[in-house]
Asker: 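Take a look at the following structure, please.
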Amino acid sequence: STRDMPRPHAFIQWKGTDVCMDFYCPCGEQFHLDVDFAYAVGCPHCNRVFEMSAMIEARELEKGEVWKGCGIKIGEI
């Protein structure tokens with residue numbers, strides 16, 4: 001059954017490169033970062049600190065949905 005199948009996800013290897021992110025905090029506020037080495041980030045509104053997970057969610061395109069971003073990267077087998 002599909003209930004037993006894991007949700008699509010990916011593991012990121014953080015290599016210290018720069019990142020641009022909009023972070024949405026559980027406190028209800030959001031903030032923007034353009035930084036290097038974002039292994040952990042702190043909310044300037046509530047001072048909570050968050051470790052940046054190496055796991056990210058992946059969303060499968062719907063049947064007939066067309067990807068309009070940069071080229072699709074095909075994994076190696």
Asker: Go through the structure and list residues passing side chain to side chain donor-acceptor pair (under 3.5 Å) with His32, not counting sequence neighbours.
Answerer: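 Side chain to side chain donor-acceptor pair (under 3.5 Å) check on His32 returns Asp22, Asp34.
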
Asker: Out of curiosity, does Val49 fall in the hydrophobic cluster containing Tyr39 (side-chain heavy atoms, cut-off under 4.5 Å, transitive links)?
Answerer: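 Cluster IDs for Tyr39 and Val49 differ.
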
Asker: Taking only residues two or more places apart in sequence or in another chain, which ones pass side-chain contact (heavy atoms from CB on, under 4.5 Å) with Ile72?
Answerer: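 Scan of Ile72 (side-chain contact (heavy atoms from CB on, under 4.5 Å), adjacent residues dropped) gives Trp67, Ile74.
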
Asker: With salt bridge (charged side-chain N to carboxylate O under 4.0 Å, His left out) as the rule and sequence neighbours excluded, what pairs involving residues 44-57 come up?
Answerer: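 Sorted result for residues 44-57: Arg7-Glu57.
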
Asker: Answer yes or no: is there a side-chain heavy-atom contact under 4.5 Å between Val35 and Val19?
Answerer: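 Heavy-atom side-chain distance check passes, below 4.5 Å.
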
Asker: Please round to the nearest 0.5 Å and tell me the distance separating atom SG of Cys43 and atom CD of Glu29.
Answerer: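 Rounded to the nearest 0.5 Å, the SG-CD separation comes to 7.0 Å.
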
Asker: Under the ring-ring contact (aromatic ring centres under 6.0 Å, His included) rule, collect the residues that match up with Tyr24, sequence neighbours excluded.
Answerer: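 Scan of Tyr24 (ring-ring contact (aromatic ring centres under 6.0 Å, His included), adjacent residues dropped) gives none.
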
Asker: What residues form a ring-ring contact (aromatic ring centres under 6.0 Å, His included) with Phe23, not counting sequence neighbours?
Answerer: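 Partners of Phe23 by the ring-ring contact (aromatic ring centres under 6.0 Å, His included) criterion, ordered by chain and then number, come out as Phe31, Phe50.
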
Asker: Checking Glu65 now: which residues fulfil side chain to side chain donor-acceptor pair (under 3.5 Å) with it, not counting sequence neighbours?
Answerer: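 Counting only residues at least two positions away or on another chain, Glu65 forms a side chain to side chain donor-acceptor pair (under 3.5 Å) with Arg59.
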
Asker: Are Thr17 and Asp36 close enough that some pair of their side-chain heavy atoms sits under 4.5 Å apart?
Answerer: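 In short, these two side chains do not touch, never coming nearer than 4.5 Å.
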
Asker: Measuring only between side-chain heavy atoms, which start at C-beta, is Met21 closer than 4.5 Å to Met52?
Answerer: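 They are in side-chain contact.
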
